[in-house]
Amino acid sequence: MRTTVSLPAAWEIFKRYNSDAFHLQHAETVSLVMRWFAVDQGFGEESDYWAVVGLLHDVDFELYPREHCLKAPELLRANGVSEDVIRAVVSHGYGITVDVTPESQMEKILYAVDELTGLIWAAALIRPSKSVLDLETKSVKKKYKTPAFAAGCSREVIAKGAAMLGWDLDFLIDKTILAMRYWENNREVA
Ligand SMILES: [Fe+2]
């Protein structure tokens, strides 16, 4: 069953457990990136649903970093979020804290883009424009191959995500840059 949680309600839930500006920005980024991918992948009628999953995916990270993806089900259930959303949220911790495999296209994309959006944003911030609008795959790829750059963004997860989707890395980066341009043009969180 698809969730009935609206995007404004998801924001309220997220903010109940998160106040750090970086976490709010990351939630909005992944939410809008997921919305872009829903349309891109032919799931336009589910774009709100993908956006809600993207928004909530790190709901437990700020308060329970050591129980990331383990605490989320309890927090989300307490707020009436449906099990399909909870499953999708938990699956992005696959191979890290949980053994729930990303199965749907939506889950695989969440897994693939979560870390990658961080890497792309870090690559954008060192440009004079501080923007993804003029950022190209080539420069992201160069940063990807530099382990010390945005070292917290797991290349292993990004590579695994691309493999799950059957996409090569360039294709994944191309699309995620486009998705992040959509975010940059539509963002509201400062
Ligand atoms: Fe995340």
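Note that ligands are numbered from 1 as they come in the structure, with each ligand's atoms numbered from 1 the same way.
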side-chain hydrogen bond (donor to acceptor under 3.5 Å, both in side chains) between D40 and Y182, intermediate numbers included:
CA-CA 12 Å; D40 178 70; Y182 172 74; over 6 Å; no

Verify the ring-centre separation between F37 and W50: is it less than 6.0 angstrom?
no

Protein N/O/S atoms under 2.8 Å of the Fe ion (ligand 1)?
H26 NE2, H57 NE2, D58 OD2, D114 OD1

Could you tell me whether E74 and K71 make a salt bridge, using a distance below 4.0 angstrom between a side-chain N and a carboxylate O?
yes

Is there a donor-acceptor contact under 3.5 Å linking the side chains of E62 and S19?
yes

Assign the ring pair F171 / W167 to parallel, tilted or perpendicular, where the plane angle (0 to 90°) is split at 30° and 60°.
perpendicular

Indicate yes or no: does R155 engage E115 in a salt bridge with an N to O separation below 4.0 Å.
no

